[in-house]
Amino acid sequence: MFDIGVNLTSTQFAKDREQVVRRARAAGLTGMLITGTNALESQQAQSLAQRHPDFCWSTAGIHPHHASEWSADTAATLRRLAESPQVVAIGECGLDFNRNFSAHNQQEYAFDAQLALAAELQMPVFLHCRDAHEHFIAVLKPWIDQLPGAVVHCFTGTAEELAECLALGLSVGITGWVCDERRGMALRELLPQIPAERLLLETDAPYLLPRDMRPRPTSRRNEPCFLPHIVQQVALWRGEEVGQLAQQTDANSRRLFRL
């Protein structure tokens, strides 16, 4: 089992990061991708990955919330980090028109710049899209043929949006969102439509704790060690065997990120 989305730089893990990694290993995970969301956290993610060779890797990117911070210095930092063996993707990058922490034009500019960097360096991209699908596709489409691979992480879109992502050749990251009976039911119905070779799984820890875990964890903080629950539930809803799904999604992750 490979967790493609762990925000291990989060302050929610400040007191026990090493224990979080140990619990992930004990739960049967074979690898984790630590997400970089701005210049500083991308550097921290790379440093954390370096402590756990052959188990942790990282991304380097500017999340749309931080798009207003984009600069030549930022680009240079990402380029330098991309030379590290631990950094295996550019991102988290994309568009978020839900919270709008950065202006739309700033988000689109930073997204396009990171796609250009990924194309130049021939690195896969770790993508974010929320309430911005049409604009997201418009920025991404001109670059897609120049990229070695891409995953739209924490996908929560519609059937039409899923079909358009798949038509572009994107892999699809699924989180514990599908375990939420309040807002994940529509996505749960779409799970069988994702080709087995395009499906990736993630916790997005410390966010999106699966709501259907029993017994419920005492803390609302999500952890990579809960990925087996997501694997189990996704396998159930796809009508697949748990072990096969775990093996398939692990292989998909290693192929996309060239591990």
Side-chain angles (χ1 to χ4, degrees), residues 1-38 40-52 55-61 63-66 86 89 91-92 94 96 98-99 101 126-130 151-156 173-185 187-188 200-237 242 246 249-250 253:
M1 288 173 286
F2 197 106
D3 190 343
I4 68 155
V6 182
N7 297 284
L8 198 59
T9 63
S10 169
T11 55
Q12 292 191 47
F13 293 127
K15 296 181 179 179
D16 63 345
R17 284 192 180 91
E18 295 303 312
Q19 294 94 319
V20 167
V21 176
R22 282 201 293 271
R23 284 192 289 270
R25 287 183 183 270
L29 270 67
T30 54
M32 298 177 3
L33 187 62
I34 304 171
T35 312
T37 57
N38 59 34
L40 175 60
E41 290 192 358
S42 293
Q43 293 174 77
Q44 293 172 337
Q46 187 270 337
S47 179
L48 287 169
Q50 202 167 29
R51 295 183 203 171
H52 304 279
F55 185 73
C56 290
W57 294 266
S58 68
T59 73
H63 190 285
H65 290 348
H66 297 279
Q86 295 80 23
E92 179 174 353
D96 192 313
N98 177 268
R99 304 187 75 178
F101 287 160
F126 189 81
L127 301 171
H128 175 105
C129 179
R130 189 172 185 191
V151 56
V152 55
H153 123 91
C154 192
F155 180 84
T156 57
I174 295 295
T175 67
W177 181 284
V178 294
C179 301
D180 189 333
E181 78 288 352
R182 304 165 305 169
R183 57 183 183 174
M185 299 302 290
L187 181 60
R188 191 181 300 181
L200 303 176
L201 297 176
E202 52 181 322
T203 57
D204 202 24
Y207 315 114
L208 299 180
L209 177 72
R211 281 176 52 86
D212 59 356
M213 293 183 69
R214 298 293 183 273
R216 289 191 175 183
T218 54
S219 169
R220 293 182 61 188
R221 186 185 76 172
N222 199 6
E223 284 198 27
C225 67
F226 298 145
L227 185 68
H229 176 79
I230 297 172
V231 174
Q232 180 179 341
Q233 296 300 86
V234 170
L236 173 67
W237 295 322
V242 175
T249 53
D250 181 278
S253 303

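All heavy atoms count here, side chains included; hydrogens, waters and symmetry mates do not.
Atom-to-atom distance recorded for Phe126:CZ and Thr37:OG1 is 10.5 Å, nearest 0.5 angstrom. The distance from the CG atom of Leu33 to the CG atom of Asn7 is 10.0 Å, given to the nearest 0.5 Å. One distance of note links CD1 of Ile174 with CD of Glu202; it measures 8.0 Å at 0.5 Å rounding. Between Gln44 atom CD and Ser58 atom OG the span is 11.5 Å, to the nearest 0.5 Å.
The shortest heavy-atom contact between Gly173 and Ile4 is CA-CD1, 4.3 Å. Taking all atoms of both residues into account, the shortest heavy-atom contact from Tyr207 to Ser10 is OH-OG, 4.4 Å. Smallest separation of non-hydrogen atoms from Arg183 and Trp177: O-NE1, 3.2 Å.
Residues forming a side chain to side chain donor-acceptor pair (under 3.5 Å) with Asn98 (at least two apart in sequence, or on another chain): Asp131. Remark: His63 pairs with His65, His128 by the ring pair (Phe, Tyr, Trp, His ring centres under 6.0 Å) rule, at least two apart or across chains. Arg22 meets the side chain to side chain donor-acceptor pair (under 3.5 Å) test with no other residue; sequence neighbours excluded. Remark: Arg182 pairs with Asp180 by the side chain to side chain donor-acceptor pair (under 3.5 Å) rule, at least two apart or across chains. Shown here are the salt bridge (charged side-chain N to carboxylate O under 4.0 Å, His left out) partners of Arg23, two or more places apart in sequence or in another chain: Asp16, Glu223. Under the rule for a ring pair (Phe, Tyr, Trp, His ring centres under 6.0 Å), His66 has no partner lying at least two apart in sequence or in another chain. Under the ring pair (Phe, Tyr, Trp, His ring centres under 6.0 Å) criterion, Phe55 pairs with no residue, sequence neighbours left out. Taking the side chain to side chain donor-acceptor pair (under 3.5 Å) definition, one finds that Gln46 meets it with Gln86, sequence neighbours left out.
Between the side chain of Arg211 and the backbone N or O of Cys179 there is no donor-acceptor pair closer than 3.5 Å. Without hydrogens or angle criteria, Thr175 side chain to Cys154 main chain gives no donor-acceptor distance under 3.5 Å.
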Using a 3.5 Å cut-off and no angle test, enumerate the donor-acceptor pairs between side-chain atoms of residues 225-233 and protein atoms at least two apart in sequence or in another chain.
unit_1, atom_1, unit_2, atom_2, d
His229, NE2, Asp212, OD1, 2.6
Gln233, NE2, Asp212, OD2, 2.9

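Here side-chain hydrogen bond (donor to acceptor under 3.5 Å, both in side chains) pairs that include residues 24-35, with residues two or more places apart or in two chains, are Thr30-Asp250. The salt bridge (charged side-chain N to carboxylate O under 4.0 Å, His left out) pairs that include a residue from residues 40-52 are Glu18-Arg51, where partners are two or more places apart or lie in different chains.
Side-chain contact between His52 and Ile34: absent, with no pair of heavy atoms (C-beta onward) separated by less than 4.5 Å. Proximity of Leu201 to Phe2: side-chain heavy atoms (C-beta onward) are nowhere separated by under 4.5 Å. Side chains of Asn222 and Pro210 form a contact here, defined as non-hydrogen atoms less than 4.5 Å apart.
Judged purely by distance below 3.5 Å, without hydrogens or angles, the side chains of Thr203 and Asp3 pair a donor atom with an acceptor atom.
For the side chain to side chain contact (heavy atoms under 4.5 Å, CB included) with Leu48, the lone residue among Arg17, Gln43, Met32 that qualifies is Arg17.
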